[in-house]
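Structure record follows, encoded as C-alpha cells.
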Amino acid sequence: MSSAEVRDVTLVEAVNMALAWEMAHDENVVLLGEDIATNGGVFRATVGLKELFGFKRVMDTPLAENLIAGTAVGMATQGLKPVAEFQFMGFIYAGMEQIVSHAARMRNRTRGRLHCPIVYRAPFGGGIHAPEHHSESTEALFAHIPGLRVVIPSSPQRAYGLLLAAIRDPDPVVFLEPKRIYRAVTQSVENNGEALPLDTCFTLREGDDVTLITWGACVMETLQAADKLAEQGVSAEVIDVASVSPLDRETLLCSVAKTGRAVIIHEACRNGGVGAEIAASIAEGAFLDLQAPVVRVTGYDTIMPYYRNEMAYLPTVGDIVEAVEQVIAL
Amino acid sequence: MSSAEVRDVTLVEAVNMALAWEMAHDENVVLLGEDIATNGGVFRATVGLKELFGFKRVMDTPLAENLIAGTAVGMATQGLKPVAEFQFMGFIYAGMEQIVSHAARMRNRTRGRLHCPIVYRAPFGGGIHAPEHHSESTEALFAHIPGLRVVIPSSPQRAYGLLLAAIRDPDPVVFLEPKRIYRAVTQSVENNGEALPLDTCFTLREGDDVTLITWGACVMETLQAADKLAEQGVSAEVIDVASVSPLDRETLLCSVAKTGRAVIIHEACRNGGVGAEIAASIAEGAFLDLQAPVVRVTGYDTIMPYYRNEMAYLPTVGDIVEAVEQVIAL
Amino acid sequence: MKQRFEFHVDSTRYLDDHGKPLDDLPAQAEDTERTLAAYRNMVLTRTFDAKAIALQRTGKCGTYPSVLGHEVIGTAIGQSLAKTDVFVPYYRDQAAHILRGASLVEMLLYWGGDERGSAWKNCPEDLPIAVPIATQCCHAVGVGSAIRIRGEERAVVCCVGDGGTSKGDFLESINLAGAWHLPVVFMVINNQWAISTPRGIQTGAETIAQKAISAGLPGHIVDGNDYFSVIEALDAALERAHAGKGGMVIEAVTYRLGDHTTADDATRYRSAEDLKKAWEKDGIKRLQNYLHDAGLWDPDKEKALQAECKQTVEKAVEEYLATEAEPPTAMVDYLFENLPVSLRAQRERLAAKYRGGE
Amino acid sequence: MKQRFEFHVDSTRYLDDHGKPLDDLPAQAEDTERTLAAYRNMVLTRTFDAKAIALQRTGKCGTYPSVLGHEVIGTAIGQSLAKTDVFVPYYRDQAAHILRGASLVEMLLYWGGDERGSAWKNCPEDLPIAVPIATQCCHAVGVGSAIRIRGEERAVVCCVGDGGTSKGDFLESINLAGAWHLPVVFMVINNQWAISTPRGIQTGAETIAQKAISAGLPGHIVDGNDYFSVIEALDAALERAHAGKGGMVIEAVTYRLGDHTTADDATRYRSAEDLKKAWEKDGIKRLQNYLHDAGLWDPDKEKALQAECKQTVEKAVEEYLATEAEPPTAMVDYLFENLPVSLRAQRERLAAKYRGGE
Ligand SMILES: Cc1ncc(C[n+]2csc(CCOP(=O)(O)OP(=O)(O)O)c2C)c(N)n1
Ligand SMILES: Cc1ncc(C[n+]2csc(CCOP(=O)(O)OP(=O)(O)O)c2C)c(N)n1
Ligand SMILES: [Mg+2]
Ligand SMILES: [Mg+2]
C-alpha cells in the first residue's frame, strides 16, 4: 500500500481503503461487528481486512448489538480505537443505551481520565429494496446526544477522508454510510491517509439564489436538482452538511446571508429531523437575511414503506425543484 | 371510588388516580415495571394499586428495560392495555429497540391486524439532586419516531386527564412525567374518568405581545416569567404543548399570528430538541407574521451536570425574561 | 462445607440419516395420517421455497430467506400448536406459517415488499415476522403473560435462530418465562450459521439448550431433521405448557442448506464439503425413506404430490403477481388508528403526487 | 437414541455464622497479615458508610447507597486484584474502591454530586461507576478483549447485583467471555434484593451462579459473609484468568442490610425479622470472632481500629466539605477533547452568567 496510490473507487470501497490505511498505521485500531471478518461485511466494507490484520483485530462478534456497542466502550478505555459495525442502522437501537449513556459520557464522567475514541459505523437510508428495518435514517436521534459526533459522507472522497478523521478523533463518532449510493459512482481517491475536517460543511457548488442544504444519499438528487434549476436560470448553492452534529452553523448562515433562501433536503421523516435544527438555526441566525421561509423537503412522517412503495417515500429531484420554485416565488 | 370525588392532589397523585380509575373500569389495563407493585414505585406513582388489583395486574418485573418494553408489546397484541413504567427516563434506552421497532410499527406492519395500546411511563427531567442518568429529558428521540405519541403533563389536572387519554388511545404513547414538579403544587382534580384530548396544546394564559411555548417542568418557570413580564407591561401568551408529538401546530401558529413573537422554553439540550421542530414549523408557517426570530431558551448542549451544578444547567425565570426582552426589542 | 447443584439437558433422535429407526419410535409415529400430512407440508414448503428464490432471481420478489433445512421443524411446530395457541415466528418459518394459515400469497407479498403480507386473516393472533433478531422473544413472553393473567389454557411457540440466542432479548425472555411460569416454548433453530458466523462463534456453551438452565427452565435437544424427535418434543412441551407447568427451551439441530438470503453467497464462508454432508441428513428425504419403508409411500404418490405442490405454488404466484401495489397513501393510513391532524397535509400531498401514478 | 449433557455449580463455605470453622480452612487463612488487613478495611468501609449516610441525612451529600452487608465481598475483590488488573465496579463497591485507591474524598465527591469523584488518580484504568444497571458488564468484556488482543497477563473483575443478572448486558457479556475466552471474573453480589424486588422475582433459577452455564463458563457460589470462601474463590478465579484459562461467574450470597439508598425505605417491603436474621450472619462480626478465637484480635485492638477509622473518615469529610464546586463551565469543558465551535457561545454564556456566582 503506497501513499501515492490513486484508485477509482466507490463509496464503500473508500470506506474499506480508509479502514485498511488506518489499521496499517495504528495498531490500536480494531474492528468488531457481525459478519465483518470472514465474510467481509454484508456490504463488503471490511473485505480483505481479516486477511491483512488477522482475527485479533477484525472480530466477528456474537449477534448482540448492545454487546457490540458496550464492548467497544470497554476496549476504548484501554486505549484501543474500536470501529464497531452495526449491520444496518435499523439494528442500532439495541446499542442505544451503551452509546448514549456510556460512549458519549465517559470523558465527562471521569473528567477526562477515560475517553471513547470509538467509531460506530452503520449503513443507513432506504432505496435498496431491502426488507423492513433496513432503510432507517434516524441520524436525528444521535445528533441530539451531547458528546457524540454524527458524520455522514456522501462521496468516495469524503468517505475516505471523514472516516480517517472519525477514527482519529478522540471522541465517539456515529458514522453513517448512505448505502443507496455505496456503489452509485466511482471517484478517484488518493490513498494518502489524509483526513478531512469534522464539524465542517462542504460546499459542493456555489450559487446565488438559494442554498440547498443536504447530506447522505440525498446529495445525489440535490445536485441533479441544482442542474435542473441552472437550466431554469436559478443559481443554487449546494452544501453537504456531512457532520450533522456538532453542526457547522457558520457555513450555513454565511451561505444564506448571500442567497437569502434555504431549502433543506433529507430522507429522514420531517418531524424532529436534523432539518428542524438547521431550519431553526437559520431562521434564528439569519432572520433579517431571509427572503422566504426555510423549506424542508423530507421523507414523510411515517414508517418507510416496504419496497413496492419505498420510492414514493423518498424525496425526489422534482420535489426539490418544486420547493425551490416555491421559495423563489416569494 | 365515586365518580364525584374531588381531591387536592399533586401531579404524581393524579397519575395514581388516573391509573386506579382506568384499572377499575377496564380490566384489560395492566401495569408492569420495576418496584411498582409491593413498593408502589420509587416515586409512589403506583402505590396501593397492587392492593386494589392484585399481582396479576400490577407486576413487578425482573430488572430489564428491553424486556419490559417488549413484553408490553406482546401483551398488547392480546388485547391488554399495558402501562409499563421505566423507573427513570435515563433507563429507557435499553427499551428503545422494542419501542421504536415494534410498538410504533405493529399496526402498520400488520395493516391494522394487531396494534399496541401501550403507555410507556417514565419520570423525566432534572433538578431533584439525583445521581447521574436520573435527569434525562430526551423526549426529542421519541418525538422523531413515527407511530408514537409523546405526551407530557405539567399539572395534576393534565396528568389525570392526559394519562386517561393515553391509556385509552389505541396506539403507543410515551408518557413523560416531570418529576421535578411531581409534588410542587396540588390542584383539585375531579376523579370522574374524563380524559383530556391528545394532540392538543393547552393555552394556559392569553397574551398579545409574545408567545411562550413550553412543556413539562419548565411550565412553572415560564408562568413565573409571564408574571414578571406582566409587571413590565409585556403581555405573554403561555402555551403548554403537552403533546410534543404529533404536534398541534395550528394552536402555535394561531398564537404567533396574533403575537408576532415566540420564545420556546425546554429543559432538554438545544441541539435537535423538540424546540427545533417547533421553531422550524413556526418560522416556516408564520414567516410573514414574525416580527422577531423565534428564540429558544433551553438546557446547554451538554450532559446534565451532577447535582452541585445542575441548577446552572436548567433554564431559569431570568433566562426566559431576558429572551423575551430580546425579541420584544426587535 | 460444599454443596453441589446439578443440571442437565438431554438430546433425542429416532431416525438415522436414512430414515431407519434407531430405537423404538415415540407414540407420535402411530399417527400415520399426521405423519403423511407432515411430509406433504414439507414438500409443499420446499416447492414454494424454490419458486420464491426463482422469483427473486428474476426481479419479481425482494430479498428472500430460504427455508431449506428448516422444513421438518416448521412443520412440526405447525402441527403441534393448537389453533387457539399463538405462534411467534422468526423469518424462516415458512413451513409453520402454511399450517397456521398464512397463505402462500401473503408470504410472497411480504417478501415482495408489500405490508399486506402480514395481514394474515387465518391466524389473526399470530405475531408477524420480527426482523430485528430475537426481539420476538419478548413478545412471546408478553403473549404468555396475557394468557397467564387471564387464566387461559393456551400456549405460545416462539422461534429464534442460533444467532438469536446471543442477544439479550432471548436470554431476558427465557428468564421471565421461568420466573413467571409462562406457557411459552422457545424453539431454537440451530442451523449452525448466523449469516456467515458459525455456531461456534456465538457461544462457548457446548449446547444451546443449556441456556435454559440460566432461566431455571428445562432444556432439550432434538435432531431437527428427524420429524419424530421434533414432534415428540413439541407435543410434550405444549402439553406441559397447556397444563400450566411452564415453558421450556428446545434446541433443534439442523443445517442451513441455502444461502442466508438471496442477497448472500454462502460459498464465501463455508465449504462445499460441509454442505454436502448436511444434505445427507436432509429431513425430508429421511421421512420419505421412512414412509417408503413403512409401506406408506411410493414413487407414484411422490409424483402426484410434487405435481400438486407445483400447481398450488403456481396458483399462488399468479395471484401474487396480479396483486397491485397499495396506493402510496397507505404508508400513512396504518400508522395510527386515526390520521393525526399533523399528517393530513402530508397525506394530501402523497395523494396528489401519485394520482394516476407518477 | 438419547444423550445427556451434565452441568453443575458448587458452593463453598468455611466459617459458620459465629466465625467458627466448619471445615479445614483454605490456604488463604494462613496469611494472617492479609486477613487482618481485610478486617481493617471492612471496618473502615463500615465507618465510612455510616458517615456518608449521616451526611446525606443532614443535606451534605446526595442520594447514597449503603454498602452494609457487602464489605466482605468488596474487600476480597480489592485484595485479590493485582494493581495492573482492571476493576469494573457497580455502585456498591466502596470496600473495593478503598483498596484500589479511589480516595474517600473522591467517593464523597461522587455521591455529593461532583464529577471529580470519578477522576481516580490512583487507579486510572478502573472503570467509573456505571449507574445503568449491568451495563458495565459489556465494558468488562471490552477491557478483557483489549487484554486478550494485546496478549497481556492481566484480568478483570466485574461486579453486578442479583437484579443486574436479569438484564441482557450481563447475559450477553458472560456469553462473550465464554466465546472469546476472556480473562473476566464476574462477581455477582446476590444481596437478595433489587430495591424492593426480592431475588425470587428476578429469576426462576435455583442459583444465580448457574447462569454461567448458559455461557459455557464455570460458575461457583460463595457465602458473601465468609471472608475465606470469597477470597479463596476470587484468588482461584484470578489465577485462572491470569493464566489465560478464561473467565468465570462467582455468586456471592449476602443480604443488603441497609435501605437500597438513602432515598429508599426498606421497611415498606421487607420484614424486620428477615433483617434481624441477616444481621446474625454479618461477615465483619464473623471475621472479628474468628480473629479473636485465633488470638489475632482483642478489644483493645478493636478500640484502636475504630478510633483510627473514625479519624480517617473525619479527615476525608473535612476535605470533601472544603472542596468548592467546579465552575459551571466545567459542564461543557469535558464533553469533547476540544470544545466544538458550536458550543463556544454557550460556554461564554455560562461563564458570563455565573461570573461571581448567580
Ligand atoms: C438485531 C439484528 N441484528 C442484525 C440483523 C441482521 N441479520 C439478519 S439475519 C442474521 C443472522 C441470524 O442468524 P440466526 O439467528 O442463526 O438465524 P438464521 O438466519 O440462521 O435462521 C443477521 C445478523 C438483524 N436482522 N437484526
Ligand atoms: C437500567 C437501570 N434500570 C433501573 C435502575 C434503577 N435501579 C437502581 S439500583 C436498582 C436495583 C439493582 O439491584 P441489584 O442489581 O440487585 O443491586 P443492589 O442494589 O441490590 O446492590 C434499580 C432498579 C438503574 N439504575 N438502571
Ligand atoms: Mg442460524
Ligand atoms: Mg441486589
Side-chain angles (χ1 to χ4, degrees), chain A residues 65-66 90-101 104-105 108-109 132-133 136 138 140-147 244-247 264 268-288 290 292-296 300-306 330, chain B residues 65-66 90-101 104-105 108-109 132-133 136 138 140-147 244-247 264 268-288 290 292-296 300-306 330:
Chain A
E65 282 74 11
N66 174 57
F91 309 131
I92 205 171
Y93 305 121
M96 282 290 278
E97 178 164 59
Q98 289 288 350
I99 299 174
V100 171
S101 298
R105 285 170 173 252
N108 184 67
R109 180 184 298 149
E132 199 187 350
H133 303 286
E136 312 279 304
T138 40
L141 306 193
F142 299 93
H144 185 49
I145 302 299
V244 301
S245 185
L247 192 60
I264 300 164
C269 70
R270 171 171 326 197
N271 189 54
V274 172
E277 177 58 44
I278 294 175
S281 296
I282 293 174
E284 185 177 350
F287 185 70
L288 297 174
L290 279 176
V294 181
V295 166
R296 290 177 277 166
Y300 293 86
D301 284 328
T302 191
I303 294 155
M304 168 72 91
Y306 295 3
L330 286 177
Chain B
E65 282 73 12
N66 174 57
F91 309 131
I92 204 171
Y93 305 120
M96 281 290 276
E97 178 164 59
Q98 289 288 349
I99 298 174
V100 170
S101 298
R105 285 170 173 251
N108 184 68
R109 181 184 297 149
E132 200 187 350
H133 303 286
E136 311 278 304
T138 40
L141 305 193
F142 299 92
H144 185 51
I145 302 299
V244 298
S245 185
L247 191 60
I264 300 163
C269 69
R270 172 173 323 198
N271 188 53
V274 172
E277 177 58 45
I278 294 175
S281 296
I282 293 174
E284 183 177 351
F287 184 70
L288 297 174
L290 279 175
V294 181
V295 167
R296 291 177 275 167
Y300 293 86
D301 284 329
T302 192
I303 293 155
M304 167 73 89
Y306 294 3
L330 286 176

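All chains are named by letter (A, B, ...) in the order of the sequence lines, taking the proteins before the strands, and each is independently numbered beginning at 1. Just so it is clear, the structure is predicted and the values come from calculations on it, not from any experiment.
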- Under a 4.5 Å heavy-atom cut-off, does chain A meet the side chain of Ala104(B), its backbone, both or neither?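 For Ala104(B), the backbone is the part near chain A, not the side chain.
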- Message: Set out, in order, the CA-CA distance, both residues' side-chain angles and the distance that settles side chain to side chain contact (heavy atoms under 4.5 Å, CB included) for Leu141(B) and Met96(A), then state yes or no.
- Response: CA-CA 11 Å; Leu141(B) 305 193; Met96(A) 282 290 278; 4.0 Å; yes
- Given the options Ala94(A), Ala279(A), Ala283(A), which has more heavy-atom pairs under 4.5 Å with chain B than any of the others?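 Most pairs with chain B among the choices: Ala94(A).
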- Greatest number of heavy atom pairs closer than 4.5 Å to chain B - which of Gly90(A), Ala276(A), Ser281(A):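 Between Gly90(A), Ala276(A), Ser281(A), the count favours Ala276(A).
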- Query: If you tally heavy-atom pairs under 4.5 Å against chain A, which of Glu65(B), Gln98(B), Glu136(B) wins?
  - Reply: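 Highest number of heavy-atom pairs under 4.5 Å: Glu136(B).
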- Pick from Glu277(B), Arg296(B), Glu284(B) with the largest number of heavy-atom pairs that fall under 4.5 Å of chain A: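 Most pairs with chain A among the choices: Glu277(B).
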- Query: So what's closer than 4.5 Å to chain B heavy atoms on Val274(A): side chain, backbone, both or neither?
  - Reply: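 For Val274(A), neither part sits under 4.5 Å from chain B.
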- Item | Under 4.5 Å from a heavy atom of chain B, the part of Tyr306(A) involved |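 The side chain, not the backbone.
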- Message: Can you tell me how far apart CG (Asp301(A)) and CD1 (Ile145(B)) are? Round to the nearest 0.5 Å.
- Response: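 Rounded to the nearest 0.5 Å, the CG-CD1 separation comes to 11.0 Å.
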- Query: Rounded to the nearest 0.5 Å, how far does CG of Asn108(B) lie from CD1 of Ile303(A)?
  - Reply: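 The CG atom of Asn108(B) is 4.0 Å from CD1 of Ile303(A), to the nearest 0.5 Å.
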- Message: With a 4.5 Å cut-off on side-chain heavy atoms, are Leu290(A) and Phe287(B) touching?
- Response: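 Result yes, sub-4.5 Å side-chain heavy-atom pair found.
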- Kindly indicate whether the side chain of Arg105(A), heavy atoms from C-beta on, has any atom under 4.5 Å from the side chain of His133(B).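 Yes, side chains in contact.
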- Do any N or O atoms from the side chain of Asn271(B) and from the backbone of Ala143(A) form a donor-acceptor pair under 3.5 angstrom?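 Side chain of Asn271(B) to backbone of Ala143(A): a pair is present.
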- Partner residues of Tyr93(B) under the ring-ring contact (aromatic ring centres under 6.0 Å, His included) criterion, sequence neighbours left out: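 For Tyr93(B) there are no ring-ring contact (aromatic ring centres under 6.0 Å, His included) partners, ignoring immediate neighbours.
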- Task: Please identify each residue that fulfils salt bridge (Lys or Arg N to Asp or Glu O under 4.0 Å) with Arg109(B), with sequence neighbours left out.
- Result: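 Only Glu132(A) meet the salt bridge (Lys or Arg N to Asp or Glu O under 4.0 Å) criterion with Arg109(B).
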